[in-house]
Structure formats: C-alpha cells, structure tokens
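Order of the sequence lines fixes the chain letters, A, B, ..., with proteins taken first and strands second; residue numbering starts at 1 for each chain. What you see is a predicted model, and the numbers here were worked out from it, not measured in a lab.
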Amino acid sequence: MTIESDVLENIFNNFLQGPSIFKNRETLRPDYIPKKLPHRNQQIRRIGSILAPFLHGSRGSNILIYGKTGTGKTAVVKYVLKKLLEKAHEAGTAIKTCYINCRLAGTDYRVLAKLCASIGIKIPFTGLATGEVFDRFKNGLDINNFFLIIVLDEIDSLVKVMGDTLLYELTRINENLTYGRTSLIGISNDLLFKEFLDARVLSSLSEEEVVFRPYIAPELNDILYERAKISFVDNVLTEGALNLCSALAAAEHGDARRALDLLRVSGELSERQGSNKITEDHIRQAQDKIEKDRVVEVLTTLPLHSKVVLCGTYLIKQIMMKPAITGDVFEVYKELCEIINIEPLTQRRVSSLINELDTIGILNTKLLSLGRYGRTKKIKLNSNLSVIKNIYSQDAWVSKLINYKPKYLLNLKLK
DNA sequence: TGTCCACTGGAACGTACGGCTT
DNA sequence: AAGCCGTACGTTCCAGTGGACA
C-alpha cells in the first residue's frame, strides 16, 4: 500500500467513525425547501389565494414579487407551487409549473427553450428564430390544453439585458390561446425594475404585487434555529454561534441564504476539526473561508484578458503605491500583452472589462474628474495584494507577469 | 467664463461559430 | 447546399462630461 492511500484510508475512517455533527447536511443547501418557512405566513397566504383559482380551472392573476436576495421569495413561491400541485393532483386538475432563473438562462431564446422543455417540446440550443420558438411554445400549450404557471426568477436581469419584448409576448399569450392558459409569476431583486417596463407590460404583470421585506436579526434567528434542528445533531450549535450567525447576516441586508451558508460551512469546518460543537469562532472562520473561496474561484476562472488587466492594476498598486487610473492600466496592459505574446484589446473593451471586474467585486472603481486633466476612473483592488500574487504566481498564463516591472511605470516614476 | 482634457459609455456593426430549416 | 438564426466577443465611432485652469 502506498503512503497516499494510507493517508486517504485514515481520512475516510475518521470521517466514518468520528462523531458527525450533521443529522442531514442536504437541508442546508441553498435549493432545499423546508417544511416550515418562519415569518413568511402572510406572503404564503397571499400568493396561495391568488393562485387558488387554478384549482377550479380558471386562470389566477399574474404576480410580481419584490425583495432583496435571501428574503425567501424563491422558497415561498416553490413552496406554494408544490402545495398547489399536490392539491390539483387530488382534485384531478392538470396544472403544470415551470421555474426559470432568468439570470442563468440569460436570453429570451433560452427562457423560451426552457418553457418549451417544460411542456415536453425539445428545442435546439441554437438555430431557430426566437419567434419560431415562441410559436411552438404557444401551439404546444394549445394542443395539450395545458394550464401553465410560469415562474420567472430574477426577471430584472433578463429585462436589463434583453428588454421587455418577451414579457410583452408572454403577458399577451392568453389572448391567442384557445385551450391552454398561463399565469406569470415574476420575481425581482431590484425594486426599481418597474421603470424598465412598458406600461402595458407592467399593468398586466403586476396584477398583484407581493413585497418581501428583509429579515431582521430575531427572525433570522428563528429561521436558523428551525433549520439547525433538522440539520445538526441536537445541542451541536451553541447559542452564541447562532446569534452571531444571524447578526452577521442581518447586517448584510437580512440575507437568509447567506446565514444558512455560514451555518453549513461552519458546520463543515467544525467537523473537519473533529469538534462536536459549532462555536462563534467557527462562524467567524466560515465567514473568512466563504470570502476567500469566492475570490480564488473568481480569479482563477477569469478570461485571459481580464487576468492581464488585473495584473496591470496589481503592478501599478505595487510599484506606484497608489490606485490606478484607466489610462495607466491600459498602457501597462498593452505592455503585458506583448510579453505573453497576445494581441491587446482596444481601450474601449478594456474599459468594459474593468467595469465587469467592478461588478463582480474584484475591483472597486470610482469615476473621477481631474478638471483640466480629463475624466477617468480610479481603480482600486478589493482583495489583498498578496492574495492576488499567490494565486497568479501559479497561473499558467500570467505567472511571469506578476513580478514584471513595466517600463511605462518606471518612466512615470522618474517624472 | 469658456476651453479643453482624458476619458466614459451608448450604439451600431463585424466576425466566427454551431446549428437550424428548406 | 444555401440561407438564416442566436450567441459570444470584439471593434469603431462618437457625443457627452466634471471641473481645473487660463
């Protein structure tokens, strides 16, 4: 037996024999829908009563749901739909539901393709005109006499990217159906998203509106407590850890998803350390780990040009000891491209890449006016310099850039 | 008070690609 | 095979702009 397999053997044995602190770790995954949803009774009742007409075979109103991330919107909708489907099954009514995350789908075409898939129509991932896919969807509904409840999660991101044409068509679809019926549930994280909509679309989509307020700390406490009961072995989670966890999540606009993540990761950490309790310290470690893992994941999977742009920003900060501005980043970027033998992109494109890095939280940019010296962007790195250096020192493409001294910067220093 | 810098960011367009229909 | 489609990723063009400076 090799040494490696001995080590593995030990790890697995420890895992099997050690005192597991988890009763059921699946219940802490983000997609788990619990049997109890504390502090959301009002929303559950409201959505339930709006959808209830479907049980009689008539169409319920469209619903627009607002609320920040982790306020339970998706969970509540899925929960109500699950119950509705069960009831419809008992009553012998044929209802279908289709849940689509618009941000993940990305385009009108792919949303439609998913809608088609939900009623059993196969659509190629490219090749058809969007209008053609829509017609097939409509025909499919009519021919099969389907009652379909469509949930469009993160609908705001779809509208921002593609405009509201698809929504317009979907809100009008019932007028063109002879037998089938549809109802729309739009879920939005962005409260201002209505402004992007055409008045007709808005009035049709928001026949009913439901708002999800952020959870406050005591509410998060209840949620975590309920979930901990089914996830962990009794008495594993200390009260201090529970309180800290909800306090941290409450500070981040009452995000329950975040709180549950924190709980899951701290559980895993505590388990790995062979502990039989989850303490406040574990929660803090988990918070650290989640952030670190995210940064590593993002930095390593970035497209090549974004990595080079980031290296440029890093070098400017490292050598000039001050935040970068767009013009400097672009000059350094061009020099770096030459070194690793790739064609540089245009400044316009690099400017977009910088914006993208800002949106994912790797950079922090601020528009700055230097009066006579023009307008530019001040670009700061959000992560620690050493973190970037560590990660990119091992990168196949950019490892040789991280210790390079750009001539442009050396000249700038002399001035 | 007007000028002018160094960009920003919107919009239209180009190209390559995989894949459809006819 | 021809013609079209959506998608990704990019370029080109250009109007717009906040505020230091003359």
Of all pairs that satisfy side-chain hydrogen bond (donor to acceptor under 3.5 Å, both in side chains), the ones with a partner from residues 367-381 of chain A, not counting sequence neighbours: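 Sorted pair list: A:Asn355-A:Lys377.
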Which pairs with one or both residues in residues 247-256 of chain A pass side-chain hydrogen bond (donor to acceptor under 3.5 Å, both in side chains), sequence neighbours excluded?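 For residues 247-256 of chain A: A:Glu252-A:Arg258.
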Identify, residue by residue, the members of [range] with a heavy atom below 4.0 Å from DNA chain C, and return them in order of residue number, or none.
range	value
residues 104-142 of chain A	A:Thr107, A:Tyr109, A:Arg110, A:Thr126, A:Gly127, A:Leu128, A:Ala129, A:Thr130
residues 151-173 of chain A	none
residues 336-362 of chain A	A:Leu345, A:Thr346, A:Arg348, A:Arg349

Side-chain donor-acceptor pairs of residues 287-298 of chain A under 3.5 Å, sequence neighbours excluded:
residue: A:Lys289; atom: NZ; partner: A:Asp293; partner atom: OD2; Å: 2.7
residue: A:Arg294; atom: NH1; partner: A:Ile360; partner atom: O; Å: 3.1

For DNA chain B, which nucleotides open and close the run of contacts to chain A, 5' to 3', at under 4.0 angstrom from a non-hydrogen atom?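 Under 4.0 Å from chain A, the extent on DNA chain B is B:dT3 to B:dT21.
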Output a table of nitrogen or oxygen pairs between the protein and nucleotides 19-22 of chain C separated by less than 3.5 Å.
residue: C:dG19; atom: O4'; partner: A:Ser369; partner atom: OG; Å: 3.3
residue: C:dG19; atom: N2; partner: A:Gly371; partner atom: O; Å: 3.1
residue: C:dA20; atom: O4'; partner: A:Arg372; partner atom: N; Å: 3.2

My understanding is that only residues two or more places apart in sequence, or in another chain, count here; which of them pass ring-ring contact (aromatic ring centres under 6.0 Å, His included) with A:Tyr314?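 A:Tyr314 satisfies ring-ring contact (aromatic ring centres under 6.0 Å, His included) with no other residue.
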I'd like to know if the side chain of A:Asn221 pairs up with that of A:Asn243 as donor and acceptor (distance under 3.5 Å, no hydrogens or angles considered).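 Present: a donor and an acceptor within the cut-off.
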Under the salt bridge (Lys or Arg N to Asp or Glu O under 4.0 Å) definition, can you give me all pairs with a residue in residues 64-76 of chain A, not counting sequence neighbours?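 Counting only pairs at least two positions apart or across chains, no salt bridge (Lys or Arg N to Asp or Glu O under 4.0 Å) contact touches residues 64-76 of chain A.
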If you count the non-hydrogen atoms of other residues, nucleotides and ligands that lie under 6.0 Å from NZ in A:Lys138, is the total more than 12?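 Count over threshold, so yes.
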Hey, what bend do you get for the helix from B:dT1-C:dA22 to B:dT22-C:dA1 if you fit axes on five pairs at each end, rounded to 10°?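 End axes: 30° apart.
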N/O donor-acceptor pairs under 3.5 Å from side chains in residues 396-405 of chain A, not counting sequence neighbours:
residue: A:Ser399; atom: OG; partner: A:Asp395; partner atom: O; Å: 3.1
residue: A:Asn403; atom: OD1; partner: A:Lys389; partner atom: NZ; Å: 3.4
residue: A:Tyr404; atom: OH; partner: A:Glu335; partner atom: OE2; Å: 3.0

